[in-house]
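Below is one structure; the comments refer to it alone.
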Amino acid sequence: MATATLVTKPLPAHPLPRKPLPAGWPRERYESHHRRLKAMRLAIALLDTGVYRPEQATNRRIRGTAADIGVHAPSDTTCRLVRALLYDHC
């Protein structure tokens, strides 16, 4: 009986083209939007590397992953958001 192996290809960091955000929003809304996008990119990258639990995602590991995928080092707030996304995934 043959064993099937699953071969996966890593996804690009930005699979969809970016669109400009609508003008007129308060600055805080733009910052929040970009923080959530960055946290989502980092959470996906961590899941791809085998980090599935929030307690495995230390600030150091999250920042190391950010450097690996070419994203600026996240703030403590963004790191907390990444862990919250991983918690929701569990």
Practice problem: Would you please name every residue forming a side-chain hydrogen bond (donor to acceptor under 3.5 Å, both in side chains) with T58, sequence neighbours left out? | Solution: none

Quiz item: Can you pull the salt bridge (Lys or Arg N to Asp or Glu O under 4.0 Å) pairs that have at least one residue in residues 20-30, sequence neighbours excluded?
Solution: R27-E31

Quiz prompt | Nearest-0.5 Å distance that lies between atom CG in L46 and atom CD1 in I69 | solution = 8.0 Å

Quiz item: Got a donor-acceptor contact below 3.5 angstrom from the K38 side chain to the H72 backbone?
Solution: yes

Quiz item: Is there any salt bridge (Lys or Arg N to Asp or Glu O under 4.0 Å) pair reaching into residues 69-86, and which pairs are they, with sequence neighbours excluded?
Solution: R63-D76

Exercise. State which residue, out of L47, L42, L81, I62, fulfils the side chain to side chain contact (heavy atoms under 4.5 Å, CB included) condition with L86.
Key: L47

Self-check item: Side-chain donor-acceptor contact under 3.5 Å, R61 with T65
Solution: no

Quiz item: Cluster partners of W25, using ILVMFWY side-chain heavy atoms under 4.5 angstrom, listed by chain and number?
Solution: L21, Y30

Quiz item: Do Y52 and V82 sit in the same hydrophobic cluster, where Ile, Leu, Val, Met, Phe, Trp and Tyr count as joined when their side-chain heavy atoms come under 4.5 Å apart?
Solution: yes

Quiz prompt | All side-chain hydrogen bond (donor to acceptor under 3.5 Å, both in side chains) counterparts of T78, not counting sequence neighbours | solution = R35, S75

